[in-house]
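Note sheet for the following structure.
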Number of protein chains: 2
Amino acid sequence: MKPETQQFMKFIETKGLLFTTERKSVAEEVFSTHDHLDAEEVLKKLKSTGSKASRATVYRTLDLLVESGLVEKIDLGEGRSAYEHTAGHPHHDHLVCTVCGEVREFEEPLIEQLQEWACEKAGFRAIGHSLNIYGWCAKCKLSVKA
Amino acid sequence: MKPETQQFMKFIETKGLLFTTERKSVAEEVFSTHDHLDAEEVLKKLKSTGSKASRATVYRTLDLLVESGLVEKIDLGEGRSAYEHTAGHPHHDHLVCTVCGEVREFEEPLIEQLQEWACEKAGFRAIGHSLNIYGWCAKCKLSVKA
DNA sequence: TTATTATTGAGATACATTCTCAATGGAGCG
DNA sequence: CGCTCCATTGAGAATGTATCTCAATAATAA
Ligand SMILES: [Mn+2]
Ligand SMILES: [Mn+2]
Ligand SMILES: [Zn+2]
Ligand SMILES: [Zn+2]
């Protein structure tokens, strides 16, 4: 069992909940990659590997994973949202290709700092934020030109 | 007729489309305020003022307004999106209060600049972006404490 | 006028997500 | 162990936003 799964188990038990096989399988699926997975993909992968977990349980467990702080839910625009685990994966924002759908990450610490200042100026207490840049990735830029 | 409505009429006609009363009434509703309106609000307002325009026409006309460049569609997270007109309203990003729903604007030119650099570094051609900061507005911060 | 084309509205459809509720099955107790 | 009790689950219904379909209507062109 991966250390992240261990941590999730601890979180679940500390909350007085049960660490069921369904919850475990959803967690392991999410922790198995650093890709940006949406709920439906998690469900499909689980089905293909024989784990049985319903759509409702997948959504419910993803919420728990987010609550545990081990997973972040990101909004990719147009109603799309995805999950990625945060272990060994510092905060970043996303470049979203509107042609091929690729999601690339970027870090810009100064942007984070400037956001904090903007909040201070407005007397706003930030809980989280979402920054997406939409456009053409390097690959699609070429193929559109060609 | 407001100058923005005039411009929209011009846009519509240049495209070879008809400037119908429905399209006019949707445009005037959007241009009547600088608030962040969602499609359903536009529809409701139109109904209350006696203008008849169906949901489908509201959505279709909002798309045209965005295409004209006179209106921007913004993504407020959780599937919410809103429209605001851009005339005399330079680009800005949003502080979204997760308690009362208030949407406050802020400008941070340096953030915009840093985004451009991030795109350059990644060979990414940006078309647009969305930056929302979620949290408690100044007012809700107080009432939560109290 | 008549033919052609654009626009509209009502409702159907799509889609992601949440909800409902009966069935399941651990956990704790005597 | 057997028996409650209650958390959990799954199937499908419901939700909310947005888009699509298509027949009726209105504008334009011939
Ligand atoms: Mn990421
Ligand atoms: Mn705004
Ligand atoms: Zn691409
Ligand atoms: Zn507030």
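None of these values were measured; they are calculated from a predicted model. All chains are named by letter (A, B, ...) in the order of the sequence lines, taking the proteins before the strands, and each is independently numbered beginning at 1.
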Atom pairs and distances, side-chain donor-acceptor, residues 24-32 of chain A, under 3.5 Å, sequence neighbours left out:
{"residue": "A:S25", "atom": "OG", "partner": "A:T21", "partner atom": "O", "Å": "3.3"}
{"residue": "A:S25", "atom": "OG", "partner": "A:E22", "partner atom": "O", "Å": "2.9"}
{"residue": "A:S32", "atom": "OG", "partner": "A:E29", "partner atom": "O", "Å": "2.7"}

Sort me out a list of protein N/O and nucleotides 23-26 of chain D N/O pairs below 3.5 Å, or just none if empty.
none

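- With sequence neighbours excluded, no residue satisfies salt bridge (Lys or Arg N to Asp or Glu O under 4.0 Å) with B:K73.
- Applying the side-chain hydrogen bond (donor to acceptor under 3.5 Å, both in side chains) rule to A:S54 yields the partners A:T57; only residues at least two apart in sequence or on another chain are considered.
- With sequence neighbours left out, A:K10 forms a salt bridge (Lys or Arg N to Asp or Glu O under 4.0 Å) with no residue at all.
- Atoms CG (B:L62) and C1' (D:dT17) sit 13 Å apart, rounded to a whole Å.
- Taking atom CD of residue B:E78 and atom C1' of nucleotide C:dT18, one finds them 13 Å apart after rounding to whole Å.
- Cluster partners of A:L18 are absent, since no Ile, Leu, Val, Met, Phe, Trp or Tyr has side-chain heavy atoms less than 4.5 Å from it.
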Show me the side-chain donor-acceptor pairs of residues 113-122 of chain A shorter than 3.5 Å, one per line, residues at least two apart or across chains.
{"residue": "A:Q115", "atom": "OE1", "partner": "A:H129", "partner atom": "ND1", "Å": "3.2"}

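- For B:D63 and D:dT17, the CG to P distance is 16 Å, given to the nearest whole Å.
- For A:E13, the side-chain hydrogen bond (donor to acceptor under 3.5 Å, both in side chains) test picks out no residue, with sequence neighbours left out.
- Under a 4.5 Å side-chain heavy-atom cut-off, the cluster of Ile, Leu, Val, Met, Phe, Trp and Tyr residues that includes B:Y59 has no other member.
- Applying the 4.0 Å criterion to OP1 and OP2 of C:dT18, one finds that A:Y59 has every side-chain N and O outside that range.
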(request) Sugar-phosphate atoms are those with a prime plus P, OP1 and OP2; base atoms are the rest. Using that split, label each nucleotide of nucleotides 8-15 of chain D B, S or - for protein heavy atoms under 4.0 Å, 5' to 3'. (result) SBBB----
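- Although no hydrogens or angles enter the test, the distance criterion places no donor-acceptor pair under 3.5 Å between the side chain of A:H91 and the main chain of A:T86.
- A:H94 and A:H92 have perpendicular rings, their planes meeting at more than 60° on a 0 to 90° scale where under 30° would count as parallel.
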Name the atoms and distances for all side-chain donor-acceptor pairs under 3.5 Å in residues 74-83 of chain A, with sequence neighbours left out.
{"residue": "A:D75", "atom": "OD1", "partner": "A:G77", "partner atom": "N", "Å": "2.8"}

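- For DNA chain C, no neighbouring residue in residues 27-51 of chain A is found when judged by any heavy atom under 4.0 Å.
- Summarising the geometry, the separation between CG on A:L76 and P on C:dA16 is reported as 13 Å, rounded to the nearest angstrom.
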